[in-house]
Amino acid sequence: MRMMFKQAIGRLEIFAGLQPSQITEISDMVELVCLPAKMVIFEQNTPANFLYILSQGEVSVRYKPYDGPQLTIARIQPGGVFGWSAVLQRELYTSGAVAEENSEAYRISSAALHALCEKDPDTGVILLNRLAGVIATRLKSTHSQVFQMLVEGVHVAAITERVKEGRNV
């Protein structure tokens, strides 16, 4: 059973190419969690204890600005990573996560990841570089989504103003 778990971990893109000994070390820190549909996995501004790698299902990452409605900023598909505030040594998650359907994810505690980086800096550097790539891609995507929402909001506001003034739309 443990061997199958280790093989599944090794097939995840974020761990691809690692040596068998590195995969063994990582798999000892990882647990598989079931995430029923609509389950709140973590909420924004709660302690950032775990990094998650989705193995099946779909998870939405949601952000609530202090002066606006909650926004879905990402939809995580299998192989995707979420909860990376835990890796960035942030005390709290900067967004929340909800299972959109019955899902499963591998999770690794923040403490275990940091211990791995201290114990095996080579593996730690590889993981942190891969996570940095994931984060950069997500931030680029989020930036585009927020920009589009702002543009649409400005457009809707302009139309509303024209309607109020009785001008053609």
Side-chain angles (χ1 to χ4, degrees), residues 1-37 39-64 71-147:
M1 182 72 160
R2 190 72 191 160
M3 184 58 128
M4 288 174 34
F5 185 74
K6 188 168 84 170
Q7 289 171 341
I9 299 292
R11 285 191 296 269
L12 294 170
E13 187 177 329
I14 197 160
F15 302 131
L18 292 178
Q19 298 300 315
S21 61
Q22 293 170 310
I23 296 294
T24 298
E25 193 168 20
I26 291 167
S27 68
D28 289 342
M29 303 182 314
V30 174
E31 66 179 318
L32 183 64
V33 292
C34 293
L35 310 168
M39 176 186 172
V40 174
I41 303 161
F42 56 83
E43 293 188 28
Q44 184 173 326
N45 296 321
T46 59
N49 296 324
F50 294 98
L51 171 73
Y52 294 84
I53 304 157
L54 193 64
S55 61
Q56 71 179 47
E58 181 179 71
V59 169
S60 338
V61 176
R62 300 175 180 179
Y63 175 74
K64 168 75 173 87
L71 308 169
T72 296
I73 58 172
R75 291 204 176 268
I76 309 301
Q77 302 299 320
V81 178
F82 61 101
W84 32 267
S85 292
V87 177
L88 300 176
Q89 293 185 317
R90 293 204 172 129
E91 207 170 293
L92 304 174
Y93 289 113
T94 57
S95 57
V98 176
E100 291 299 321
E101 57 189 56
N102 289 334
S103 304
E104 287 185 350
Y106 297 103
R107 76 177 184 184
I108 308 169
S109 78
S110 173
L113 275 171
H114 293 292
L116 172 67
C117 289
E118 288 180 23
K119 178 181 164 193
D120 185 353
D122 292 339
T123 302
V125 166
I126 292 168
L127 287 178
L128 293 177
N129 279 332
R130 290 184 183 176
L131 287 169
V134 168
I135 292 167
T137 300
R138 173 100 45 81
L139 289 176
K140 183 178 178 183
S141 171
T142 300
H143 177 270
S144 299
Q145 289 173 331
V146 170
F147 179 76

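- In terms of modelled atom types and a separation under 3.5 Å, the side chain of S103 and the main chain of E58 share a donor-acceptor contact.
- The closest donor-acceptor contact from the side chain of S95 to the backbone of Y63 lies at 3.5 Å or more, if one exists at all.
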| Between Q7 and R11, is a side chain to side chain contact (heavy atoms under 4.5 Å, CB included) present by the stated rule, with each step listed? | CA-CA 6 Å; Q7 289 171 341; R11 285 191 296 269; 3.7 Å; yes
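- For the residue pair V81 and I76, the shortest heavy atom distance occurs at O-CD1, 4.0 Å.
- Of all the heavy atoms in A48 and L92, the pair that sits closest is CB-C, 3.7 Å.
- Taking OG1 from T24 and CG from L18, the interatomic distance works out to 10.5 Å, rounded to the nearest 0.5 Å.
- Here CG of D120 is found 8.0 Å from CD1 of I126. Values are rounded to the nearest 0.5 Å.
- The nearest pair of heavy atoms linking Y93 to E43 is CB-O, 3.9 Å.
- Under the 4.0 Å criterion applied to side-chain N and carboxylate O atoms, E100 and R62 are assigned as salt-bridge partners.
- The OG1 atom of T94 sits 8.0 Å away from the CG atom of L88 when rounded to the nearest 0.5 Å.
- Screening I53, I108, L51 for a side-chain contact (heavy atoms from CB on, under 4.5 Å) involving V30 leaves a single residue, I108.
- Summarising the local packing, CD of E104 is surrounded by more than 12 heavy atoms from other residues, nucleotides or ligands at distances under 6.0 Å.
- G83 and F42 make their closest contact through CA-CZ, 3.6 Å (heavy atoms, listed as atom of the first residue, atom of the second, distance).
- Minimum heavy-atom separation, R107 to V33: NE-CG1, 3.7 Å.
- Note that CD of E101 and CD of Q56 are 8.5 Å apart. Values are rounded to the nearest 0.5 Å.
- Remark: L35 CG to Y52 OH distance equals 7.5 Å, nearest 0.5 Å.
- Of all non-hydrogen atoms in N102 and A37, the two that sit nearest each other are OD1-N, 2.9 Å.
- The line from CD1 of I9 to CD1 of I14 is 11.0 Å long, rounded to the nearest 0.5 Å.
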